[in-house]
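For reference, the structure discussed in these notes is given below.
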Amino acid sequence: MGRKIARESAMKLLYQMEVNDDFSQDAMNIFYENNKLRSDERLYVDEVVKGVISNIEKIDEVIEQNSQGWKIKRIAKVDLSILRISIFEIMFKSEIPYQVSINEAINISKEYSTNDSSKFINGLLGAFSNNWIRDNK
């Protein structure tokens with residue numbers, strides 16, 4: 001599976017949904033019509049995006065708790081989408097090592113966001129993952 005392509009596609013879809021304030025299946029279908037993905041990539045995108053949407057309140061609470069005073073509305077939508085995916089993976093996809101989720105989030109932010117975003121994302125995910133691991137042993 002092209003996990004890198006799948007993660008980037010999940011980020012793009014969540015970003016699009018956030019910008020348009022449309023988290024519907026129709027929005028997902030339009031995205032898939034315009035972005036050809038292999039079946040395994042699409043399965044990953046489906047699972048992650050639907051998982052993020054189903055748990056968005058809990059995930060956003062984690063982001064606010066670990067963002068040192070930043071409110072969700074102040075975080076760049078690209079960064080927010082990247083953070084949501086990584087936090088979802090850490091919380092709900094234990095078969096993916098948390099270090100991989102963090103590293104992939106940083107790499108995606110370096111490609112799609114500002115120079116400072118990777119530092120912000122790394123710090124937030126580092127703080128969250130340390131607490132998550134400690135509390136869920």
Side-chain angles (χ1 to χ4, degrees):
M1 171 193 337
R3 185 60 60 99
K4 180 180 187 304
I5 291 170
R7 273 195 182 91
E8 287 178 359
S9 296
M11 182 275 297
K12 290 174 184 177
L13 177 53
L14 282 171
Y15 171 79
Q16 178 181 313
M17 293 172 131
E18 181 71 23
V19 167
N20 294 323
D21 194 27
D22 181 2
F23 292 86
S24 69
Q25 184 64 48
D26 287 341
M28 290 179 76
N29 293 339
I30 291 168
F31 180 83
Y32 290 134
E33 287 171 14
N34 293 301
N35 296 274
K36 301 302 175 205
L37 299 172
R38 295 187 333 221
S39 61
D40 57 339
E41 294 165 344
R42 184 174 170 158
L43 283 172
Y44 171 84
V45 172
D46 252 9
E47 179 183 5
V48 169
V49 170
K50 288 178 181 176
V52 167
I53 292 168
S54 296
N55 296 284
I56 202 160
E57 289 178 12
K58 183 184 286 188
I59 292 169
D60 286 356
E61 182 179 315
V62 165
I63 293 170
E64 284 195 346
Q65 288 172 348
N66 290 277
S67 64
Q68 300 177 341
W70 283 70
K71 296 290 182 194
I72 289 291
K73 297 293 181 197
R74 286 188 59 208
I75 297 173
K77 291 181 183 353
V78 170
D79 297 348
L80 182 58
S81 300
I82 294 167
L83 287 166
R84 285 173 171 165
I85 292 166
S86 189
I87 291 169
F88 171 78
E89 286 183 347
I90 293 167
M91 292 177 75
F92 299 103
K93 296 194 58 64
S94 59
E95 71 275 10
I96 300 174
Y98 74 92
Q99 302 94 328
V100 171
S101 294
I102 293 171
N103 189 53
E104 290 296 323
I106 293 166
N107 288 337
I108 290 171
S109 72
K110 286 179 180 177
E111 188 169 341
Y112 290 96
S113 197
T114 67
N115 292 335
D116 292 333
S117 290
S118 62
K119 295 174 198 159
F120 172 71
I121 288 170
N122 185 38
L124 191 149
L125 292 175
F128 163 66
S129 63
N130 288 337
N131 293 333
W132 180 259
I133 292 162
R134 182 194 65 225
D135 295 344
N136 291 285
K137 281 188 174 181

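Just so it is clear, the values below take in all heavy atoms, side chains as well, and ignore hydrogens, waters and symmetry mates. We count residues from 1, following the sequence as given. Just so it is clear, the structure is predicted and the values come from calculations on it, not from any experiment.
- Of the possible donor and acceptor atoms, none in the side chain of N122 sits under 3.5 Å from a partner among the backbone N and O of S118.
- Shortest non-hydrogen contact noted between D22 and A27 is O-CB, 3.6 Å.
- The number of heavy atoms from other shown groups lying within 6.0 Å of CG (N29) is above 12.
- For K77, the side-chain hydrogen bond (donor to acceptor under 3.5 Å, both in side chains) test picks out no residue, with sequence neighbours left out.
- Here the NZ-OG distance, from K36 to S9, works out to 12.5 Å after rounding to the nearest 0.5 Å.
- With rounding to the nearest 0.5 Å, the separation of CD in E89 from CD1 in I102 is 10.5 Å.
- Note that CG of L83 and CD1 of I108 are 11.0 Å apart. Values are rounded to the nearest 0.5 Å.
- Side-chain contact between I85 and E104 is absent, with no heavy-atom pair separated by less than 4.5 Å.
- By the 4.5 Å heavy-atom criterion applied to side chains, M28 and F23 are not counted as neighbours.
- Between K50 and Q25, some side-chain heavy-atom pair lies under the 4.5 Å cut-off.
- Residues passing the ring-ring contact (aromatic ring centres under 6.0 Å, His included) test with Y98, sequence neighbours excluded: none.
- Atom CG of D21 is surrounded by 12 or fewer heavy atoms from other residues, nucleotides or ligands within 6.0 Å.
- With N35 contributing its side chain and F31 its backbone, the two residues share a donor-acceptor pair below 3.5 Å.
- Both V78 and V19 are part of a single hydrophobic cluster, where members link through side-chain heavy atoms under 4.5 Å apart.
- Taking each heavy atom of S86 and S101 in turn, the nearest pair found is OG-O, 3.3 Å.
- For the atom pair CD1 of I56 and CE of M17, the computed distance is 9.5 Å after rounding to the nearest 0.5 Å.
- Under a hydrophobic clustering in which Ile, Leu, Val, Met, Phe, Trp and Tyr are joined whenever their side-chain heavy atoms come within less than 4.5 Å, directly or via other members, V52 and Y112 fall into the same cluster.
- In this structure, S54 contributes its side chain and G51 its backbone to no donor-acceptor pair below 3.5 Å.
- V100 and Y44 are members of different hydrophobic clusters when ILVMFWY side chains are connected at heavy-atom separations under 4.5 Å.
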Handout entry: Verdict with reasoning, E111 to K4, per salt bridge (Lys or Arg N to Asp or Glu O under 4.0 Å)
Key = CA-CA 12 Å; E111 188 169 341; K4 180 180 187 304; 3.4 Å; yes
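- Counting non-hydrogen atoms of other residues, nucleotides and ligands closer than 6.0 Å to CZ of F128 gives a total above 12.
- Rounding to the nearest 0.5 Å places CG of L125 at 5.5 Å from CD1 of I90.
- Among I82, L80, I87, the one residue that satisfies the side-chain contact (heavy atoms from CB on, under 4.5 Å) test with R84 is L80.
- When hydrophobic clusters are built by joining Ile, Leu, Val, Met, Phe, Trp and Tyr residues whose side-chain heavy atoms come closer than 4.5 Å, directly or via intermediates, L14 is not grouped with I30.
- Proximity of a side-chain donor or acceptor of E41 to a complementary backbone N or O of I5 within less than 3.5 Å is not detected.
- F120 places none of its side-chain heavy atoms less than 4.5 Å from the side chain of S113.
- Between the side chains of S24 and D26, no donor-acceptor pair of N or O atoms lies under 3.5 Å.
- The hydrophobic side chain of L43 is isolated, with no ILVMFWY side chain under 4.5 Å apart from it.
- Using a 4.5 Å cut-off on side-chain heavy atoms (C-beta onward), N107 and R7 make no contact.
- Once rounded to the nearest 0.5 Å, the distance linking OG of S81 with CD of Q16 reads 10.5 Å.
- In this structure, the side chain of D79 does not engage the main chain of I75 through any donor-acceptor pair within 3.5 Å.
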